[in-house]
Amino acid sequence: MDLRSYTDQYIAAFREDARALGLEQVEENPRATDECNLQAMADMVGALDRQGHTYRSDGSVYFKISTLPEYGRLARLDHEGMKSGARVDADSYAKEDARDFVLWKATKPGEPTWDFGAGPGRPGWHLECSAMALRLLGPPPIDIHAGGIDLVFPHHENEIAQSEGATGHPFSRFWVHVEHLFVDEQKMSKSLGNTYTIPDIVARGHRPSAVRYLLLSAHYRKSLNFTWVSLGQAEEALRRLTDFLSRLDAVSRPGARPDIAARIDAARTAFAAAMRDDLNTAAALGAIFELVRALNSAIDAGEMGTGDVPAIRDAFDRFDDVLGVLAVRRAEEQMPPIPVEEIERLIEDRHAARRRRDFAAADRVRDDLAARGVLLEDSAAGTKWKRK
RNA sequence: GGCGCCGUCGCCAAGUGGUAAGGCAGAGGUCUGCAAAACCUCCACCCCCGGUUCAAAUCCGGGCGGCGCCUCCA
């Protein structure tokens, strides 16, 4: 299998998972080994050469950190402390300074090699990000650079050094770093092997919408410990939201209530304030649940009219424009485990049984459907079904 | 050793000076053929010890506990 086919598999899997989670499709999936990108990297090395930021050693090109006084600002590095760090001397490469990093690695026997002007070899581990980001999103500065907190140093620091050293302009206006995702108290990482894929989660009987909810339930700058228990709790919380929305269908009184409009307004204000506060999604969800309780209460008290419903739906649509979790859930509901016609036929059968007060038969229908992943709920307005 | 993060109810999780949001689970009740859903009621002196302040989960100091980065995995 050639390199391209190999990596295609992962790109396809990523796209599929992203779709399941309701992520917007990305415009670009740049590959470091595409010619246009290798050329951009070689050009960046050339620019760094001209600015005096590089040196060569054993056929590799290195970035000379002493030429960039700003180096380390993002990670708030203490240069003196770094020099006396315990592990730098483990490095076997021919660098002038322990902090220097490789831009372009010399060819090694048996490894792929390219030459676009920086000499025969392959890209260093940071160069591709700077070169591809500026090629696709430039000119600098780009607006936002995101990533995991573990990448602040050295990866992002080195991206800054390369980009700013080559262009003379700031690299990114904003840096957004997310804390780690843990699995059973351990950092989730490929090298530890403690990763779950979206297909793994689905195979366990959970839904991607629950994963999305779980990720929204904590602030992005706090680590989140994934457990199957918390995923189940996320599932239940999300269900409360969707159950509420489906209750709206049964509202039949005419008219609208000003106090309901006021409630909606207060929730929208609180939601927006929470999001404006460094994307506090957990607090934003809190505002939604407070609204749900107030509105459920109003429904029970017969104090909601059909005239209120559009405004409520609109508010939830606006919330979900931001959170994008209800849309994922709706897409999942489009694909019930049993054909909709069959569910509706069985509901009719059950109604017939209930009318003749054959509750055993009626319960049997409900239990059978439940065993197949569909739950029934009776109310004055009729019987609703939903996925388990 | 250097830099940084975290410790809030059984579980998840907001709250960074004014007396503890929200969700899940649980208990009791209302409704229901039964369920489910929903509603009502109940359920936290915020890891510990000092300090500052009229007032501290929030600020300061010191502990204890957990974690991340300081590796050519990107």
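Just so we're clear, the structure is a prediction, and the values are computed from it rather than from any experiment. All chains are named by letter (A, B, ...) in the order of the sequence lines, taking the proteins before the strands, and each is independently numbered beginning at 1.
If you check every strand for non-hydrogen atoms under 4.0 Å, E235(A) touches nothing. If you check every strand for non-hydrogen atoms under 4.0 Å, I288(A) touches nothing. When heavy atoms are screened at a 4.0 angstrom cut-off, F182(A) is found touching the sugar-phosphate backbone but no base atom. Within 4.0 Å of H155(A), counting heavy atoms only, lies no atom of the nucleic acid at all.
Under the 3.5 Å distance criterion, with hydrogens and angles disregarded, no donor-acceptor pair is assigned to the side chains of H180(A) and S223(A). Neither side chain, Q162(A) nor N158(A), offers a donor N or O lying under 3.5 Å from an acceptor on the other.
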Reading 5' to 3' through nucleotides 34-44 of chain B, protein heavy-atom contacts under 4.0 Å coded B for base, S for sugar-phosphate only, - for none: BBBSBSS----
Nucleotide-resolved protein contact map, nucleotides 11-18 of chain B, B/S/- at heavy-atom distance under 4.0 Å: BSSSS---
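By the salt bridge (charged side-chain N to carboxylate O under 4.0 Å, His left out) test, R56(A) is found to be paired with D49(A), residues two or more places apart in sequence or in another chain being considered. Take D200(A) and apply the salt bridge (charged side-chain N to carboxylate O under 4.0 Å, His left out) test, not counting sequence neighbours, and it matches no residue. Residues satisfying the salt bridge (charged side-chain N to carboxylate O under 4.0 Å, His left out) criterion with R15(A), sequence neighbours excluded, are absent altogether.
Note: CG (L151(A)) to P (C3(B)) measures 22 Å, nearest angstrom. The CZ atom of F244(A) sits 17 Å away from the P atom of G22(B) (whole-angstrom rounding).
Put simply, F359(A) rests on the base of G33(B): the two rings are less than 5.5 Å apart at their centres and nearly parallel, under 30°.
Across all strands shown, G50(B) pairs with C60(B); the Watson-Crick or G-U wobble distances both stay below 3.5 Å.
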Check against ring pair (Phe, Tyr, Trp, His ring centres under 6.0 Å), F116(A) and W104(A): CA-CA 11 Å; F116(A) 283 82; W104(A) 194 257; 8.0 Å; no
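T383(A) pairs in a side-chain contact (heavy atoms from CB on, under 4.5 Å) with only one of the listed residues (E377(A), R366(A), R350(A)), which is R350(A).
Contacts with RNA chain B (heavy atom under 4.0 Å) in residues 118-126 of chain A: W125(A), listed by number.
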